[in-house]
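Here's the structure, in structure tokens; my notes come after.
Counting convention: from 1, in listed order, for ligands and their atoms alike.
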Amino acid sequence: MTEPSPHPDSPSRERFPVVVIGAGPAGLTVGNILRAASVDCLVLETESRRFIEQRPRAGVLEEWAVRGLERRGLAANLLERAGRHTACEFRFDGVGRRFAYADLTDRHHFVYPQPLLVTDLVREYAEVRGGDIRFGVRDVTLHDTGTDRPSVSYLCSETGQRRVIHCDFVAGCDGARGVSRSALVPEHARIARHDYGIGWLALLAEAPPSSDCVLFGVHPRGFAGHMPRSADVTRYYLQCPPGDDPGNWPHERVWSELRKRLAATGAAPLKEGRLLEQRVLDMHDYVVEPMASGRLFLAGDAAHLTAPIAAKGMNLALHDAFLLGDALAAYLTRGDGSGLAGYSAACLRRVWDYQEFSQWLSDVYHGTASGDPYHAGTTLARLRRLFTSPAAAAAFAEQYLGTAGHY
Ligand code: RFL
């Protein structure tokens, strides 16, 4: 719910055409697109710049997302430094089967850690395109977003004073734990939720990758994943009970379990290393529909969460941001409101498609460990089909890379 405007005599009042809440991939991309169109905007971020430039998260970017960044002048470092992935490997029944998706689609994934992308986007926005960004803000509150005179207020961490920013539009890009979503719900939007009832222990290891590609271990003990991030850092995942305590996973147990679940005849041993990050993620999804109400537009995880099962979240955040940034710029520079009118529907088509793929993939990853022999049997049939049916392989590759012509 939005709150009424603070008193008009409140101490500091400013005006920007757009206030962007949140400096993640979505918010920073919207901000950069607006600045390139010479639209003034303000980005508000609760954390420090240092913190957001180091927060480890995603790493896998789809090719269309990278081309979208490139077209907007935001991919120079990425194209120079990112790794390219052309294949993944499923390990099940003790055998590794390589799935060379680039051969089927002529497309590949880029691997570029999210903190590096965020660092590039902040620098470009603040230092090259002259955008205003304020870090460490507290108690961000949205006001009057159902009217054509919305505002956003926050407590300034330096002065402790509440500052009020008047604007034409609010872009709610504040992620899964932000405040923007609650300004839409429940009056104007529906939230669809899905809980997998599964946890993943997300690990970052100070260790070189143990293979040149992503590995998916589909094992009766539970899923395990291996995702190269850089020459010295590898992300691993281990399926665990939801809500499990990371303290239950000492170094030895982690590596012993990874070795078992990623075992395959003839495979090189895992390269072990210090665990830099260890947290349990409860696998769940949500989708807010519509993603806009009045002058408030949500983008990225603020509007929809996809559990990291299929590595889709940052890609969807960028897709929203491209559409929203372009639509706001079109409206504010040329009075063309068509992009804003179609924004939510255009985002949600890809969002739902990716949600469905995540659910499908979750069944594949977790089926053999479900304890249900019927589920385990169908899971293995699905996996084998990827390697026996060219049609099934092509369909998987298209969804895995997000290359469908239309959503
Ligand atoms: P973000 O990145 O969460 O950014 C939101 C920003 O808003 C700030 N904020 C606020 N600012 C102002 N006022 C408030 N009240 C605020 N509340 C919060 C936050 O501090 C933050 O800076 O959302 P955005 O921009 O929508 O981007 C979404 C992506 O970050 C997310 O979808 C991905 O990280 C998901 N994800 C992956 N996605 C991929 O596409 N490929 C991957 O390989 C991939 N791997 C992952 C992932 C997510 C993971 N975790 C931690 C859930 C791996 C992991 C482990």
Side-chain angles (χ1 to χ4, degrees), residues 19-31 42-62 64-66 83 85 109-115 117-118 121-122 133-142 152-155 157 165 170-183 199-204 214 225 227-229 235-238 277-286 288 291 298-321 324 347 350-351 354 358 400-402:
V19 174
V20 177
I21 306 178
L28 291 166
T29 302
V30 170
L42 169 65
V43 176
L44 297 176
E45 167 59 51
T46 42
E47 302 291 350
S48 67
R49 179 168 182 172
R50 192 181 151 76
F51 181 86
I52 64 163
E53 289 182 348
Q54 293 182 353
R55 180 169 43 199
R57 273 193 184 173
V60 178
L61 281 166
E62 296 175 357
W64 60 264
V66 172
H85 276 191
H109 278 128
F110 286 82
V111 180
Y112 195 58
Q114 185 167 334
L117 180 65
V118 166
L121 293 173
V122 175
I133 182 163
R134 298 180 195 168
F135 294 100
V137 300
R138 287 185 283 126
D139 193 27
V140 173
T141 310
L142 288 73
V152 178
S153 69
Y154 67 93
L155 283 181
S157 54
I165 319 292
V170 180
C173 307
D174 46 352
R177 296 197 179 82
V179 295
S180 303
R181 193 166 56 253
S182 60
W200 274 14
L201 181 67
L203 303 151
L204 265 187
V214 168
M227 276 118 215
R229 284 291 190 252
R235 189 174 269 297
Y236 285 95
Y237 293 112
L238 277 171
E277 189 203 48
Q278 203 164 341
R279 50 192 291 222
V280 170
L281 307 173
D282 289 344
M283 295 289 122
H284 68 283
D285 303 322
Y286 60 76
V288 177
M291 289 166 53
L298 300 185
D301 282 7
H304 41 76
L305 193 78
T306 41
I309 290 169
K312 296 292 192 186
M314 181 162 66
N315 292 283
L316 287 175
L318 291 172
H319 184 250
D320 295 352
L324 183 56
C347 294
R350 191 182 281 263
V351 168
Y354 282 24
S358 296
Y400 189 50
L401 288 151

Gln114: numbered ligand 1 atoms lying under 4.0 Å from its heavy atoms: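 Counting from 1, the qualifying ligand atoms are 2 (O), 29 (C), 30 (O), 33 (C), 34 (O).
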
For Val179, atoms of ligand 1 separated by under 4.0 Å from a heavy atom: 15 (N)

If the test is side chain to side chain contact (heavy atoms under 4.5 Å, CB included), which one of [options] qualifies with [X]?
X: His304; options: Leu298, Val288, Val351; answer: Val351
X: Val20; options: Val170, Val30, Thr29, Leu44; answer: Val30
X: Glu45; options: Val140, Val122, Ile52; answer: Ile52

Considering only non-hydrogen protein atoms, determine which one is nearest to [atom] and report residue, atom name and distance to 0.1 Å.
atom: atom 18 (C) of ligand 1; result: Asp174 O, 3.2 Å
atom: atom 26 (O) of ligand 1; result: Asp301 N, 2.8 Å
atom: atom 9 (N) of ligand 1; result: Thr46 OG1, 3.5 Å
atom: atom 23 (O) of ligand 1; result: Gly175 CA, 3.8 Å
atom: atom 20 (O) of ligand 1; result: Glu45 OE2, 2.6 Å

If you measure every N/O of [X] against every N/O of ligand 1, is any gap under 3.5 Å?
X: Ala26; value: yes
X: Pro308; value: no
X: Val60; value: yes
X: Arg235; value: no
X: Gly59; value: yes
X: Glu47; value: no

Spatial distance of atom CZ (Phe110) from atom NE2 (His85) [nearest 0.5 Å]: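 Nearest 0.5 Å value for the CZ-NE2 distance: 11.5 Å.
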
Interatomic distance, Asp174 atom CG to Ser182 atom OG [nearest 0.5 angstrom]: 8.5 Å

Check each of [options] against [atom] and report the one with the nearest heavy atom.
atom: atom 17 (N) of ligand 1; options: Ala321, Gly172, Ala317, Gly178; result: Gly178
atom: atom 3 (O) of ligand 1; options: Arg57, Arg55, Met314, His304; result: Arg57
atom: atom 27 (O) of ligand 1; options: Ser180, Gly24, Pro25; result: Pro25
atom: atom 44 (C) of ligand 1; options: Ala299, Gly313, Ala58; result: Ala58
atom: atom 53 (C) of ligand 1; options: Tyr154, Tyr237, Phe135, Phe51; result: Tyr237

Any donor-acceptor N or O pair under 3.5 Å, side chains Arg229, Tyr112: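 Distance-only check fails for Arg229 and Tyr112.
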
Sub-4.0 Å heavy-atom approach of Arg279 to ligand 1: yes

Charged tip of Arg350 within 45° of Trp64 ring normal and under 6.0 Å: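 Flagged: Arg350 positioned over aromatic ring of Trp64.
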
Salt bridge (charged side-chain N to carboxylate O under 4.0 Å, His left out) partner of Glu53, the single match among Arg50, Arg55, Arg49: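 Between Glu53 and the candidates, salt bridge (charged side-chain N to carboxylate O under 4.0 Å, His left out) is satisfied uniquely by Arg49.
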
